[in-house]
Amino acid sequence: MAAHILEVEGLGKRFGGFVALDGIDLTVEPGERVGLIGPNGSGKSTLVNCLAGTLVNETGTVRFEERDLEGLRAHERTRLGLARSFQLPRPFVSMSVADNIRVPLLYTVGARSGTALAAAETTERCGELLALVGLRDKADQHPGDLTQVEMRKLELARAMAAEPKLLIADEAMAGLSHSEVTDIIALLIRLNERGITVILIEHIMRAVMSFSQRLVVLVSGRKIADGPPDEVIRDPEVEKAYLGQ
């Protein structure tokens, strides 16, 4: 049996007297598609930040491919293969779309291998990623010229440029239309089919249910459910705390 790609045990995080995460246990298998949901203030973003290394948890452990990540900063975790996209896209606005992809290629993939990527290889990989997300014809434009859904695709492409084994997609569909949500779901499934494990944090239940093989629910910093999506959404505690039924 393959080892877990991600193991979280007893994860705890406080902000002063406020308990943001209270003993979170979570495992993710290689190649799995996991949906992470919960109401605002449930701890989803704090959990993602602790996994990615932008916050430091006070208790518990995070292991990625059986390696303890304690003390590793965000860029070091990215180089190991744990990448995340952001709820609000953060492109380099003064750079072209293509150069926004070249930066993580050079400073993550190149740094991981210890050998700088040749210019031709960087250009080729950049083109492949932009084609994957449907932005190849926008390569020479600037992020400010893109539509909202194209910005979301660029954000995902920037995360994918780090060649992750695990991608955490943080609300990649917020503010999008019905058809645009469908487009992003299809893109995330394509990424997963390429061998990328994906954790999707999302409020749009249609997207979560159609994408996820397993659903995890956080409420008030605690994990209250973890299992097949159809079973989880019928859990009385989930209905009460998250769906308001």
Side-chain angles (χ1 to χ4, degrees), residues 28 31-45 47-48 83-91 93 97 100-101 128-139 141-161 164 166-219 224-235 237-245:
V28 178
E32 196 173 17
R33 300 197 305 267
V34 177
L36 177 64
I37 66 172
N40 290 330
S42 62
K44 302 186 301 298
S45 294
L47 175 59
V48 170
R84 56 90 56 93
S85 64
F86 289 89
Q87 180 177 350
L88 297 176
R90 302 178 179 183
V93 294
V97 168
N100 266 270
I101 305 300
E128 289 173 352
L129 281 167
L130 290 176
L132 178 65
V133 300
L135 292 179
R136 193 161 198 166
D137 62 341
K138 308 282 186 176
Q141 297 186 23
H142 283 76
D145 299 323
L146 302 181
T147 65
Q148 188 172 15
V149 68
E150 288 171 343
M151 284 283 282
R152 299 286 180 178
K153 291 178 178 180
L154 175 59
E155 179 68 12
L156 289 171
R158 278 159 44 89
M160 287 301 298
L166 170 62
L167 170 66
I168 304 174
D170 189 358
E171 298 197 32
M173 304 168 219
L176 301 185
S177 69
H178 188 279
S179 62
E180 290 169 343
V181 167
T182 299
D183 198 13
I184 296 296
I185 293 170
L187 172 56
L188 289 171
I189 290 176
R190 287 200 302 273
L191 298 181
N192 179 250
E193 289 172 344
R194 292 165 67 98
I196 309 300
T197 306
V198 181
I199 299 176
L200 173 66
I201 297 89
E202 189 54 68
H203 283 293
I204 302 171
M205 289 304 297
R206 175 179 74 88
V208 173
M209 294 300 291
S210 62
F211 174 80
S212 306
Q213 298 167 326
R214 180 159 61 94
L215 202 57
V216 176
V217 185
L218 297 186
V219 172
I224 66 167
D226 184 342
D230 289 341
E231 294 180 11
V232 166
I233 62 170
R234 293 196 301 267
D235 185 304
E237 191 174 2
V238 173
E239 292 182 349
K240 178 182 177 181
Y242 183 75
L243 301 177
Q245 300 178 1

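Counting begins at 1 with the first residue of the sequence.
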Checking Arg152 side chain against Ala174 main chain: does a donor-acceptor pair fall under 3.5 Å? yes
Test your reading of the model: is there a side-chain donor-acceptor pair from Glu202 to the backbone of Met173, 3.5 Å cut-off? yes
Drop me the distance from Arg194's CZ to Ile189's CD1, to the nearest 0.5 angstrom. 15.0 Å
Does Asp145 use its side chain to pair, donor to acceptor, with the backbone of His142 at less than 3.5 Å? yes
Heavy-atom pair with the smallest gap, counting every atom of Pro39 and Ser42: O-OG, 2.8 Å
Less than 4.5 Å apart, any side-chain heavy atom of Ile196 and any of Met160? yes
Side-chain heavy-atom pair Leu154, Pro89 within 4.5 angstrom cut-off: no
Nearest heavy-atom contact between Ile185 and Ser210 is CD1-OG, 3.4 Å
Name the one of Asn192, Val133, Thr182 that satisfies side chain to side chain contact (heavy atoms under 4.5 Å, CB included) with Leu187? Val133
Go through the steps to decide whether Arg33 and Leu188 satisfy the test side chain to side chain contact (heavy atoms under 4.5 Å, CB included), and finish with yes or no. CA-CA 9 Å; Arg33 300 197 305 267; Leu188 289 171; over 6 Å; no
Is the closest side-chain heavy-atom distance between Val48 and Ile199 below 4.5 Å? no
Interatomic distance, Glu32 atom CD to Thr197 atom OG1 [nearest 0.5 angstrom]: 8.0 Å
How about Asn40 and His203: do any of their side-chain heavy atoms sit closer than 4.5 Å? yes
Considering all heavy atoms, the nearest Ile101-Ala157 contact: CD1-CB, 3.6 Å
How about Arg206: does its CZ atom have over 12 heavy atoms from other parts shown lying under 6.0 Å from it? yes
Assess whether side chain to side chain contact (heavy atoms under 4.5 Å, CB included) is satisfied between Leu132 and Leu191, documenting all intermediate values. CA-CA 9 Å; Leu132 178 65; Leu191 298 181; 3.3 Å; yes
Within the structure provided, determine whether Leu146 and Lys153 are in side-chain contact (heavy-atom separation under 4.5 Å). no
Heavy atoms, side chains only, cut-off 4.5 Å: are Val149 and Ile184 in contact? yes
Do the side chain of Ser212 and the main chain of Met209 share a donor and acceptor less than 3.5 angstrom apart? no
Derivation of the side chain to side chain contact (heavy atoms under 4.5 Å, CB included) call for Met205 and Ile233: CA-CA 10 Å; Met205 289 304 297; Ile233 62 170; 4.1 Å; yes
Give a yes or no on whether the backbone of Arg90 and the side-chain of Glu155 come within a donor-acceptor separation of less than 3.5 Å. yes
Donor-acceptor check, side chain of Lys44 to backbone of Leu36, threshold 3.5 angstrom: yes or no? no
Could you pull out all residues at least two apart from Asp226 that satisfy side chain to side chain donor-acceptor pair (under 3.5 Å)? Arg214, Lys223
Does any non-hydrogen side-chain atom of Lys138 lie less than 4.5 Å from one of Leu130? no
What are the two closest non-hydrogen atoms of Leu200 and Val208, and how far apart are they? CD2-CA, 4.5 Å
So do the side chains of Arg158 and Ser85 get within less than 4.5 Å of each other, counting heavy atoms only? no
Between the CG atom in Leu156 and the CG atom in Leu167, the distance rounded to the nearest 0.5 Å is 6.5 Å
Out of curiosity, Ile37 CD1 to Ile201 CD1, how far, rounded to the nearest 0.5 Å? 11.5 Å
May I ask you to say whether Asp170 pairs ionically with Arg84, meaning some side-chain N is under 4.0 Å from a carboxylate O? yes
